[in-house]
Amino acid sequence: MKLLAKLRCVTIDVTGTLMAYKGELGDYYCMAAKAAGQPCPDYKRMHEGFKLAYKEMAKNYPCFGYAAKMPNIVWWKTCVRDSFVRAGYEYDEETFEKIFRRIYSSFGSSAPYTVFPDSQPFLRWLREQGVKVGIVSNAEYRYQDVILPALGLNEGSEWDFGVFSGLEGIEKPDPKIYKIALERAGNIAPEEALHIGDSIRKDYEPAKSIGMHALLLDRFKTPEAEEWRKSGGIVLPDLMAAKEWLSSD
């Protein structure tokens, strides 16, 4: 029997699964600095600085400051300022404000992202089969309200509901985020749902732990994918392969 026939809901991750970043982080930080009349920061130092700053903020104020009731823009302003400081760049308040506003608006638009060509057709195909589609993402509210619609991935035509960590106060790999998705889909049983993502730790394992079906995408031929397969994971190259897999007996 086709797995598709057993499913009432498919949940899906966003970054690395439906879309990817365009260019490098340094491109956007460079453009913002230049617009404020400053030299372009070093790409490598900026990338490392951001990684450390983001990790620190995610640890101290998880889910984009949800529990601390920190406004989204304050969370990102703190993270971006720390990224620059760690990279060796400090600006006066007026200059930093100009730089930050440009970075914040860039990453709140469709500009830094590209949608994989199979994403929209796959999501629409699922909904045509009568399957509910949910987005499950460690992301803040702008993904739901601005970014996904700007990329042509709209609630109502490509997906039915979203579960975003910044709006829920729970993030992957906590299995509770998947339980919320099942409730939102209409209290669907885990065995009637499939989750698709690109991380064994954040997507595959927590979804499986509550009884959902799970599938991993390896769009970028990551070295870890072979280990995923060895540990029993179903790993496919893209969503077209996922469509074939779901439709096969």
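Since we're looking at a predicted model, the values are computed, not measured. Side chains are part of it too, since the values below use all heavy atoms of this structure and drop only hydrogens, waters and symmetry mates.
One hydrophobic cluster, built from ILVMFWY side chains closer than 4.5 Å, cannot hold both Trp228 and Leu217; they sit in different ones. In this structure, Val133 is a member of the same hydrophobic cluster as Trp245, with clusters built from ILVMFWY side-chain heavy atoms closer than 4.5 Å. No chain of hydrophobic side-chain contacts below 4.5 Å, direct or via other Ile, Leu, Val, Met, Phe, Trp or Tyr residues, connects Val163 to Leu167. Following chains of ILVMFWY side-chain contacts shorter than 4.5 Å, one can reach Val131 starting from Ile12, so the two form part of one hydrophobic cluster. Val85 and Tyr91 are assigned to two separate hydrophobic clusters, defined by single-linkage of ILVMFWY side chains at heavy-atom distances under 4.5 Å.
Here the straight-line distance linking atom CD of Glu191 with atom CD1 of Ile210 works out to 10.5 Å at 0.5 Å rounding. From Phe96, atom CZ reaches atom CZ of Arg101 across 10.0 Å, with rounding to the nearest 0.5 Å. The CD atom of Glu155 sits 9.5 Å away from the OG atom of Ser157 when rounded to the nearest 0.5 Å. Residue Ser137 holds its OG atom at 7.5 Å from CG of Leu148, rounded to the nearest 0.5 Å. Expressed to the nearest 0.5 Å, how far NZ of Lys176 lies from CD1 of Ile170 amounts to 6.0 Å. Rounding to the nearest 0.5 Å places CG of Leu52 at 10.5 Å from SG of Cys79.
A side-chain donor-acceptor contact under 3.5 Å links Arg219 to the backbone of Thr17. Asp174 places no side-chain N or O within donor-acceptor distance of the main-chain N or O of Ile177, the cut-off being under 3.5 Å. Not a single donor-acceptor pair under 3.5 Å links the side chain of Asn154 to the backbone N or O of Gly156. Distance alone, capped at 3.5 Å, places no donor-acceptor pair between the His213 side chain and the His195 backbone. Between the side chain of Ser247 and the backbone N or O of Glu244, no donor-acceptor pair lies under 3.5 Å. For the pair Trp159 (side chain) and Leu153 (backbone), a donor-acceptor distance under 3.5 Å is present. In this structure a side-chain-to-backbone donor-acceptor pair under 3.5 Å is present from Ser119 to Leu18. The backbone N or O of Ala36 lies less than 3.5 Å from no partner atom in the side chain of Lys98, so there is not a single donor-acceptor pair.
Taking a cutoff of 4.0 Å between a charged side-chain nitrogen and a carboxylate oxygen, Arg229 and Glu226 qualify as a salt bridge. With respect to Glu48 and Arg45, no salt bridge is recorded, no charged nitrogen being found less than 4.0 Å from a carboxylate O. Using a 4.0 Å cut-off between charged nitrogen and carboxylate oxygen, Glu168 and Arg184 count as a salt-bridge pair. Here Lys6 does not pair with Glu192 in a salt bridge; the nearest charged N to carboxylate O distance is not below 4.0 Å. A salt bridge links Lys172 to Asp13: at least one charged side-chain nitrogen sits closer than 4.0 Å to a carboxylate oxygen. Taking 4.0 Å as the cut-off between side-chain N and carboxylate O, Arg127 and Asp160 count as a salt-bridged pair. Ion pairing between a basic and an acidic side chain is recognised when a charged N comes within 4.0 Å of a carboxylate O; Glu97 and Lys77 show such pairing. We find that Lys179 and Glu183 are not joined by a salt bridge, their nearest charged nitrogen and carboxylate oxygen being 4.0 Å or further apart. A salt bridge is defined here as a Lys NZ or Arg NE, NH1 or NH2 lying under 4.0 Å from an Asp or Glu carboxylate O, and Glu205 with Lys208 fails to meet this definition.
Ring geometry for Trp75 versus Tyr54: interplanar angle over 60°, hence perpendicular rather than tilted (30 to 60°). Note: Phe84 and Tyr29 have tilted aromatic rings, judged against thresholds of 30 and 60 degrees for the angle between ring planes.
Taking each heavy atom of Leu4 and Gln129 in turn, the nearest pair found is CD2-CG, 4.0 Å. Across Cys30 and Pro41, no two heavy atoms sit closer than the pair CA-CD, 3.8 Å. The shortest heavy-atom contact between Gly108 and Val146 is O-CG1, 3.1 Å. Contact record, Phe220 with Ala20: CZ-CB, 4.1 Å, taken as the closest heavy-atom pair. Shortest non-hydrogen contact noted between Ala214 and Ala207 is CB-CB, 4.4 Å. Here the shortest heavy-atom pairing between Ser83 and Ala53 reads OG-CB, 3.4 Å.
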Candidate pair Lys59 and Glu56, rule salt bridge (charged side-chain N to carboxylate O under 4.0 Å, His left out), full reasoning: CA-CA 5 Å; Lys59 180 185 163 191; Glu56 185 77 6; 5.2 Å; no

Trace of the side chain to side chain contact (heavy atoms under 4.5 Å, CB included) decision for Lys243 with Asp118: CA-CA 10 Å; Lys243 178 180 176 181; Asp118 57 3; over 6 Å; no

Side chain to side chain contact (heavy atoms under 4.5 Å, CB included) assessment of Arg81 paired with Phe100: CA-CA 8 Å; Arg81 190 193 303 273; Phe100 170 71; over 6 Å; no

Intermediate values then yes/no, side chain to side chain contact (heavy atoms under 4.5 Å, CB included), Leu246 and Leu126: CA-CA 10 Å; Leu246 282 167; Leu126 282 175; 4.2 Å; yes

Phe64 and Tyr141: CA distance, side-chain angles, deciding distance, ring pair (Phe, Tyr, Trp, His ring centres under 6.0 Å) verdict: CA-CA 10 Å; Phe64 304 96; Tyr141 79 93; 9.7 Å; no

Full working for side chain to side chain contact (heavy atoms under 4.5 Å, CB included) between Thr15 and Tyr113: CA-CA 9 Å; Thr15 309; Tyr113 313 100; 5.9 Å; no

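The cationic group of Arg142 does not satisfy the cation-pi geometry with Phe107, failing either the under 6.0 Å distance to the six-membered ring centre or the 45° limit from the ring axis.
Using a 4.5 Å heavy-atom cutoff, the side chains of Met19 and Leu151 are in contact. In this structure, the side chains of Lys202 and Asn138 come closer than 4.5 Å at one or more pairs of heavy atoms. Under the 4.5 Å side-chain criterion, counting only non-hydrogen atoms from C-beta, Phe161 is in contact with Cys9.
A donor-acceptor pair shorter than 3.5 Å cannot be found between the side chains of Asp27 and Tyr21.
A 6.0 Å sphere centred on NZ of Lys22 holds more than 12 heavy atoms belonging to other residues, nucleotides or ligands. Atom OH of Tyr66 has 12 or fewer neighbouring heavy atoms from other residues, nucleotides or ligands inside a 6.0 Å radius.
In summary, of the residues considered (Leu239, Leu216, Asp203), a side-chain contact (heavy atoms from CB on, under 4.5 Å) with Ile196 occurs for Leu239 alone.
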